[in-house]
Amino acid sequence: YLLAESMRPVDAVRAVLQGHSDVVNHASFSPDGRRVLTAGRDHIARVWDTQSGQLTAILKGHTNSIGHASFSPDGNRIVTASLDHTARLFDTQTGKSLFALSGHSYWINHAVFSPDGRKIVISSADKTLRLFDSLSGKCIAHLRGHTGPVNHTCFSPDGRHFLSVSDDQTARLWECQTCRCLAVLKGHTEWVTAATFSPDGRYIVTASRDHTAYLWDAQTAKSIVRLIGHTSWVSSATFSPDSRQILTASGDGHGGPLRVRRRARSTGESWGTLMPGNPCGTGRASHNVCRRRRGPAAVHRRAGHRRRRP
C-alpha cells in the first residue's frame, strides 16, 4: 500500500507479490526500502522490487517452512530461519546460499543480524541460542540457560548486548563479547513472545501470553512498570523512534482484529486503543497524533498501584 502523510492508503494496492505456493509467514522491507523480503511455508524466500513489484531473487535451500527472514543492516545479505532446524545466509542480489547455519536439534524460531552485520544470533525450540560469525558462517557460541523453547532474539542498538525470550516465562540479557548471561528478567507468568530494546538503549520491553508487557531498565535489568489492559496474549511490543512511547499488539477478541495500545513510557498509561478503520482508536485523530483520552481499561498502573476505574 502507498500511504499519504495522513497514514491512510492513497492507492488501494501498490502491487500484488505473487509467487509463493503456500502461506507467506513473514514479510519485511530492506533497510533502504527498495526491496521486500517474503518467507513462506513453501520452503522458499523471495526478494521483490518495491517500485515494480517484480521478483528479483529466489532463495532456495531449506527443506521445510521458513518462519522468519531479515536483511543485514547494509541490505546485501539475508538470514532465514526454518523448521528444518537450520538458518541460512543468502546473497540478496543473486539469491545464492552462502552458508547453512546448523547445529540446533529442533526448529529455528528467529534469526537476526547484529547492528554492524558481523554476527547473527539464532533462537531455537531446542531451548538454546547460537551466535554465529556472519562472514565465515562459524558458530561462536552455543548458549544455554533457558528451560523452554527460545522464541525471539534481538540486539541492543550498540550491538554490545542481545536479548532472548522463552516459553520458560523469562527473558535473558546476554553480553555479546563474552556470551555471558548478565541477567534473567522474571515477572511474566506465561510464555514470553517477544522483546526489544528502546532506540536509545536504555530500556527493554517484553511481551507475553499472560496478557501483559513489562518495561525494564536495560542497565539494571529491574522491572519499571507492568503494562496491563489487554484481554489476550500480547504478541509483540515496540518503542517509538524517540523511545518515549510503547506499542503493544494483542490477540484480543480470540482471533479477531489485533488491538494496539499506545503507552507513555514513564507511567504505563494507555493513550488509546487502535483498531482497523480508526487509526487513533479511542483517541481523537489530529495530524496523525492521538489526543490523550481515557476509555475503558485505558489507564495502566505501576506494579503495586491501584487501577483507576473509568
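Side-chain contact between Thr128 and His142 is present, with at least one heavy-atom pair separated by less than 4.5 Å.
With sequence neighbours excluded, no residue forms a salt bridge (Lys or Arg N to Asp or Glu O under 4.0 Å) with Arg209. With sequence neighbours left out, Arg118 forms a salt bridge (Lys or Arg N to Asp or Glu O under 4.0 Å) with no residue at all.
With no hydrogens or angles considered, a side-chain donor-acceptor pair links Thr38 and His20 at under 3.5 Å. A donor and an acceptor atom, one from each side chain of Arg88 and Ser82, are nowhere located under 3.5 Å apart. Under the 3.5 Å distance criterion, with hydrogens and angles disregarded, no donor-acceptor pair is assigned to the side chains of His43 and Thr63. At a cut-off of 3.5 Å, with distance as the only test, no side-chain donor of Arg172 or Ser164 sits close to an acceptor on the other residue. Using a 3.5 Å distance cut-off with no hydrogens or angles, the side chains of Ser250 and Trp233 do not pair a donor with an acceptor. Neither side chain, Asp91 nor Asn76, offers a donor N or O lying under 3.5 Å from an acceptor on the other.
Within 6.0 Å of the CD atom in Gln219, the count of heavy atoms belonging to other residues, nucleotides or ligands does not exceed 12.
Evaluated for a side chain to side chain contact (heavy atoms under 4.5 Å, CB included) with Arg130, the options Ser123, Ser124, Cys139 yield exactly one hit, Cys139.
The pair Arg35-Asp32 counts as a salt bridge, with a side-chain nitrogen and a carboxylate oxygen less than 4.0 angstrom apart.
Closest of all the heavy-atom pairs between Asp133 and Leu135 is OD1-N, 2.7 Å. Of all non-hydrogen atoms in Phe29 and Thr50, the two that sit nearest each other are CE2-CG2, 3.8 Å. In plain terms, the two heavy atoms of Ala81 and Ile108 that are nearest each other are CB-CG2, 3.5 Å.
Taking the six-membered ring for Trp, His188 and Tyr214 have ring centres closer than 6.0 Å. Aromatic ring centres of His152 and His110: separated by under 6.0 Å. A centroid separation of 6.0 Å or more is found between the aromatic rings of His85 and His104.
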Going by atom type alone, with no hydrogens or angles, which donor-acceptor pairs under 3.5 Å involve a side-chain atom of residues 52-60 and a protein atom two or more places apart or on another chain?
from  : atom 1 : to    : atom 2 : distance (Å)
Ser52 : OG     : Asp49 : OD1    : 3.1
Ser52 : OG     : Gln54 : N      : 3.2
Thr56 : OG1    : Val47 : O      : 3.1

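Phe197 and Leu185 fall within a single hydrophobic cluster, where Ile, Leu, Val, Met, Phe, Trp and Tyr are joined by side-chain heavy atoms under 4.5 Å apart, directly or via other members.
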